[in-house]
Structures are given as C-alpha cells and as structure tokens.
Amino acid sequence: MNAMHNDTKPQFPQQEAGGLRGKLREYGISGMMLSPFLFNQFVLFAATAVIVILIAFTSMDSALRFDFSGLTNFRKALIDPKVGLIIANTVLFVISTLVIQIAWGFVIAVTTTHYVRNQTVGSLFRTIWLLPRVSPGVVEALLWTWILSPSKYGVLNTIMNAWYGWEPVAWLDKYPMLINILLSGVMGSTLSMIVFSSALQAVDKSYFYVARVDGATEWSILWKLIVPFLRWPLTFLAVWQGLGLLTSYESILLLTDGGPANRSETWALYAFHTAFFTLDFGYGSAISLFILPIIVIAMVVSYRLFGFRKLMGGAR
C-alpha cells in the first residue's frame, strides 16, 4: 500500500500543473485573438463617445474652440423646425426597412433551405444573393443612381419609355424615401437570410417527417414548426438590424443625400450633415446623443423582456 501511495502521489501535481498550463495557454490565445476587439470597444469606442459627449455641451464650430454652452444645443434641437419631419422619416425608414429585411430574408432562407430539396441548388442561390453584401456600398449606389437616372438614358426610364412610352422621370426626386426603403430593405436582407438559413439547417429533420406523416400541410409546417423554431433568430435580427438602421445613413447619403427638401433625411444623417457640412460640431454632437437613450432602452428591453438573458446565458 505504501508503494502504491508513493507511486500515485507525484502524479497529482503534474496533472494539476499541466492542466494549469493548458488553461493559461488556451485563455492566452483567446485573449490575443480578442485583444483588437477589446481595444476597440473599451478604448477607441469609449474615448470617441466621451469626446462626442463633451463636444455636445460646447459651441464648437469650424474654429474648433471648446466654449462651454451647457444645454443650449439640446434646447436648440427640441425647437428645430426640421425635427418633426426628420423624426417621421426616421421612424418610417427604420420600421419599413426592418420589415422588408426580415421578411425577405425569411422567404429566401425558407425557400432555399426547406422547400428546395437539392442542397447544392439552394446553396448556389444563397451565394448569388450574398454578392451584393460583399460589394462596396459606393459601387451599389453608383449602379442604382445610373438605373434611376432622371435622363432618358437611365435604365429604368429607357425601359418605361420602350414599354409604355413614358417621358423621363426623376425617380430619386419623386420617390426618395420609398426608393431608399426598398433598396436598403432588399439589399440588407442577406444577413437575415444567413441567420435564418443556419438556424433552419440546425433543426432536426425528424420533426418535419413526423408532421407530414400526421397529415400536416406545408402551410401548417411553416407556421407551427418553422416560425416557432426561428423565434430566437427573429428576435435577435429585429433588435440588431433595427438598431443598425437607426444609426446608419450611408446608403441614403449616397443615393439622395437626404433630399430633396429633407424628404429622405433621417436623424443620424441630420447629425452628420450638421456636424460635417455646416461645421456646427457642437449641435451635431448633441443631435447624435438623442439616439443614445433609445439604444439603451432597446438593449434593456431586449435583455429582459425578449428573453435575451436566457439566450445569452446558455444552459446551466
């Protein structure tokens, strides 16, 4: 027994040391991989946010002087005559675009993953639909500007003249918000398609076999099996893409630049124009800060009401 005791005793420190070294090695590699992200989130992002908040309480303009003005910029935003139209544009753009992105992404994902039996064909179609996502936004904007050009040489005007004899129409001036919503919705649906397709492929196919054996129709399978299975991805996409649309303005800037007459101006774009076009940095920073409470409220509601706490916490 003493011999056995002497043989086994030295093994514990070796295993413990090896396990400790393995953990240090594992977390060390993970830390190195995450270090750029952590630096961006806790250093660059935090520093930028602090600077913007400080500028919002000043009258900083093109002279770059930090003259403290208190809440003047925030009061100015509340009485700005453009605010009503811009808020309405923002609400319409975010809600309408979000619905199109999620609905169209859902349709493509379900069609190519569930109803198209050949996986190669479904994957090929999803890959083709993914191409606009990997192309530069400037290239897309130039392409659509050419298609919707008000001259008779614009693609859409050429087609409408050949088919119906229409005179050239200034599409971007006549329907600025509608065009921005449709293009942002359809082109931005690729993320929804990827998330929904991945979630649907992870579902056990036996559920669908049993449902068909029990006589369930495809419509019943869609609403009583597929939609409940995709509840978590749907909630995530609604929050994630909704917040992204609230703070994004690049597509509108490139297509219509918020015009004509602020008819396609959104809140984030208005903050950008105010800060970098009129060079009223203090007022532009104050405008941008109005979005911050909305983002915080949306995150808290998502975490508590929509069950994100359970989703992010995982199984115990």
Side-chain angles (χ1 to χ4, degrees), residues 30 33-34 36-37 40-41 93-141 143-144 179-208 218 221-252 254-255 268 295 298-299 301-303 306-315:
S30 301
M33 295 178 62
L34 290 175
F37 170 78
N40 177 73
Q41 293 298 107
F93 175 75
V94 171
I95 295 178
S96 302
T97 306
L98 181 62
V99 170
I100 295 175
Q101 286 182 351
I102 293 179
W104 191 238
F106 177 84
V107 170
I108 297 175
V110 173
T111 302
T112 59
T113 306
H114 179 69
Y115 292 111
V116 175
R117 305 302 180 186
N118 191 318
Q119 294 185 1
T120 303
V121 175
S123 299
L124 177 62
F125 188 84
R126 289 193 298 273
T127 302
I128 294 174
W129 191 257
L130 188 63
L131 291 178
R133 188 76 178 185
V134 299
S135 61
V138 176
V139 174
E140 290 184 21
L143 175 63
W144 284 108
I179 291 175
N180 277 294
I181 289 173
L182 291 176
L183 294 183
S184 297
V186 174
M187 293 299 175
S189 62
T190 51
L191 177 61
S192 302
M193 176 197 70
I194 295 172
V195 173
F196 285 140
S197 298
S198 300
L200 194 56
Q201 288 175 349
V203 176
D204 190 347
K205 297 298 185 290
S206 62
Y207 288 105
F208 304 112
E218 290 297 331
I221 293 175
L222 175 64
W223 288 107
K224 295 183 179 180
L225 278 180
I226 295 178
V227 171
F229 278 132
L230 299 181
R231 181 171 64 93
W232 284 120
L234 178 63
T235 305
F236 165 75
L237 288 170
V239 176
W240 179 265
Q241 292 190 295
L243 294 178
L245 290 170
L246 183 64
T247 57
S248 67
Y249 57 85
E250 294 85 356
S251 61
I252 302 178
L254 294 171
L255 279 175
I295 295 176
M299 292 175 62
V301 170
S302 303
Y303 190 69
F306 294 155
F308 270 26
R309 177 186 299 179
K310 179 180 178 181
L311 177 65
M312 295 170 64

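Just the heavy atoms: all of them, side chains too, but no hydrogens, waters or symmetry mates, feed the values below. The first residue of the sequence shown is numbered 1, and numbering continues consecutively from there.
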Atom CG in Leu98, atom CZ in Phe93: separation rounded to 0.5 Å? 10.5 Å
Do Tyr115 and Val110 make a side-chain contact, defined as non-hydrogen atoms from C-beta onward lying under 4.5 Å apart? yes
Hey, are the side chains of Trp104 and Ile108 touching, using non-hydrogen atoms and a 4.5 Å cut-off? yes
From Gln241 CD over to Ile100 CD1, what is the distance, rounded to the nearest 0.5 angstrom? 12.0 Å
State which residues pass side chain to side chain contact (heavy atoms under 4.5 Å, CB included) with Ala238; sequence neighbours excluded, sorted by chain then number. Ile102
Just jot down the side chain to side chain contact (heavy atoms under 4.5 Å, CB included) partners of Ile194, sequence neighbours excluded, or say none. Leu130, Ser198
Mind checking the CD-CD1 spacing from Glu218 to Ile226? Nearest 0.5 Å is all I need. 7.5 Å
Pair up each side-chain donor or acceptor in residues 179-190 with any protein partner under 3.5 Å, not counting sequence neighbours, and list the distances.
residue	atom	partner	partner atom	Å
Asn180	ND2	Pro176	O	2.7
Asn180	ND2	Thr256	OG1	3.1
Ser184	OG	Asn180	O	2.9
Ser184	OG	Ser251	OG	3.2
Ser189	OG	Trp129	NE1	3.3
Ser189	OG	Val186	O	2.6

Leu143: what forms a side chain to side chain contact (heavy atoms under 4.5 Å, CB included) with it, not counting sequence neighbours? Trp146, Ile147
Mark yes when over 12 heavy atoms from residues, nucleotides or ligands other than Gln119 sit less than 6.0 Å from its CD; otherwise mark no. no
Straight-line distance of Thr113 OG1 to Phe196 CZ, nearest 0.5 Å: 11.5 Å
Can you tell me how far OG1 of Thr112 sits from CZ of Arg126, rounded to the nearest 0.5 angstrom? 4.0 Å
Could you grab the distance from atom CG of Leu245 to atom CH2 of Trp240, nearest 0.5 Å is fine? 12.5 Å
Under the side chain to side chain contact (heavy atoms under 4.5 Å, CB included) test, which residues partner Ala199, sequence neighbours left out? Leu230, Pro233
Partners passing ring-ring contact (aromatic ring centres under 6.0 Å, His included) against Phe208 (at least two apart in sequence or in another chain): His114
Please report the C-alpha distance between Leu225 and Val203 in whole Å, then the side-chain angles of each, then the deciding distance to 0.1 Å, and finally whether the side-chain contact (heavy atoms from CB on, under 4.5 Å) criterion is met. CA-CA 10 Å; Leu225 278 180; Val203 176; over 6 Å; no
